[in-house]
Amino acid sequence: MDEQPRLMHSHGVGMAGHPGLAQHMQDGTAGTDGEGRKQDIGDILQQIMTITDQSLDEAQARKHALNCHRMKPALFNVLCEIKEKTVLSIRGAQEEEPPDPQLMRLDNMLLAEGVAGPEKGGGSAAAAAAAAATGGIGADNSAEHSDYRAKLSQIRQIYHTELEKYEQACNEFTTHVMNLLREQSRTRPISPKEIERMVSIIHRKFSSIQMQLKQSTCEAVMILRSRFLDARRKRRNFNKQATEILNEYFYSHLSNPYPSEEAKEELAKKCSITVSQVSNWFGNKRIRYKKNIGKFQEEANMYAARTAVSATSVSAHGSQANSPSTPNSADRRTR
DNA sequence: TTCCATGATTGCCC
DNA sequence: GGGCAATCATGGAA
């Protein structure tokens, strides 16, 4: 046994101190059998070192012979062990990475926008939020909304197609590499653990490509969203009918032009606008009326007359052309 | 192009 | 949180 280190070093492969092979060599071996196995290892190493000097056919034959050699599994284990303790241990330290926060952000955003995950009923949270915030204006709004949804759905479709492609390519490549490494592990010291590690390296590479896809998808959604919001931000006058309905309510409740939530909802429905738009309209109207009652007097009279005609109780809407009371008035307290 | 009307936003108050 | 007041920004008529 004291010859072993010298023997190993003489072939340029330092194996001293590796219990695997030593153990294998010692198992049930003593005396001449141990010597014989040392010789075997020496032979194998010699053959491996000279294999590149031979012709292809000779090398193939030699490879086959080496594969069948009785000491091959032991040598394989030791070489794997050496590899494990050197190069792979360095790599191993780099593998334990926390989940990428950037990737998490992208995932969350794609999920929130309805691009990733289950498809939300034909639209996205963004579209709904944008519509709620800026208000709908009848058919125009629906048209723009559906346009937004269509574009978002297009982005979603492209994203999923690309993602599928990447996953397929990743799986194909992984299988290919695994087969290659398994094949090579017959002649090279490649342990299952190393194959596993290689698979995770491949997956990391592919996930970085996926991240680029996610990033560009997010950018596309942001551009679409900003365009949509910009379009919605453009002020549009309410249609004539909506203005009439709002004015009618305002002048017929001039003593207390503060519609309740229910009334606002009703008006919003009638005018095909949002409740917040109704609130804005009444806020603006109250102020502008108060600032210039004279200017609005004619309008007030017109609506008062109209209401008087249509209403069954004319007296209820008699002389109401007063300045709007403040929200602190008694009427408001009842709301 | 200008000017007014008007819907939306913002900051403050209660 | 709702309302007021000031202001912004845009539509549309002249």
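Chain letters run A, B, ... following the sequence lines, proteins first and then strands; every chain starts at 1.
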Can you run down the salt bridge (charged side-chain N to carboxylate O under 4.0 Å, His left out) pairs that involve residues 170-181 of chain A, sequence neighbours left out, and say none if there aren't any?
->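 Every candidate salt bridge (charged side-chain N to carboxylate O under 4.0 Å, His left out) pair involving residues 170-181 of chain A fails, so no pair, neighbours aside, qualifies.
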Whole angstrom value for the distance that separates [atom2] of [N] from [atom1] of [X]:
X	N	atom1	atom2	value
A/Lys291	C/dG3	NZ	C1'	14 Å
A/Ile287	C/dA5	CD1	P	6 Å
A/Gln277	C/dG3	CD	C1'	18 Å
A/Asn239	C/dG12	CG	P	12 Å
A/Phe250	C/dG3	CZ	P	13 Å
A/Asn280	B/dG7	CG	C1'	7 Å

Using the C1' atoms of the five pairs at each end, what is the angle between the end axes of the helix from B/dT1-C/dA14 to B/dC14-C/dG1, to 10°?
->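 Rounded to the nearest 10 degrees, the bend comes out at 10°.
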[Y] backbone acceptor or donor facing [X] side chain under 3.5 Å:
X	Y	result
A/Ser207	A/Gln210	no
A/Arg286	A/Pro257	yes
A/Ser272	A/Ala268	no

Would you please confirm or rule out a distance under 4.0 Å between OP1 or OP2 of [N] and any side-chain N or O of [X]?
X	N	answer
A/Arg236	C/dT10	no
A/Tyr289	C/dC4	no
A/Lys290	C/dA5	yes

Partner set under ring-ring contact (aromatic ring centres under 6.0 Å, His included) for A/Tyr303, not counting sequence neighbours |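 Per chain and number, A/Tyr303 pairs via ring-ring contact (aromatic ring centres under 6.0 Å, His included) with A/Tyr251.
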Under the ring-ring contact (aromatic ring centres under 6.0 Å, His included) test, residues paired with A/Tyr159 that sit two or more places apart =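 ring-ring contact (aromatic ring centres under 6.0 Å, His included) check on A/Tyr159 returns nothing, list empty.
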Check nucleotides 3-6 of chain B for protein N or O atoms closer than 3.5 Å to its own N or O atoms and list the pairs.
| from | atom 1 | to | atom 2 | distance (Å) |
| --- | --- | --- | --- | --- |
| B/dT6 | O2 | A/Arg235 | NE | 3.3 |
| B/dT6 | O2 | A/Arg235 | NH1 | 3.4 |
| B/dT6 | O2 | A/Arg235 | NH2 | 3.4 |

Decide if atom CE of A/Met104 counts as having more than 12 heavy atoms of other residues, nucleotides or ligands within a radius under 6.0 Å.
->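 It does not: A/Met104 CE has 12 such atoms or fewer within range.
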Taking only the side-chain heavy atoms of A/Asn284 (C-beta and beyond), determine which of B/dG7, C/dG2, C/dA5 contains the nearest atom.
->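 From the listed options, B/dG7 comes nearest.
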From CD (A/Gln241) to CG (A/Leu246), nearest 0.5 Å =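 It comes to 10.5 Å.
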Who passes side chain to side chain donor-acceptor pair (under 3.5 Å) against A/Gln184, sequence neighbours left out?
->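 For A/Gln184 the side chain to side chain donor-acceptor pair (under 3.5 Å) partners, ignoring immediate neighbours, are A/Arg188.
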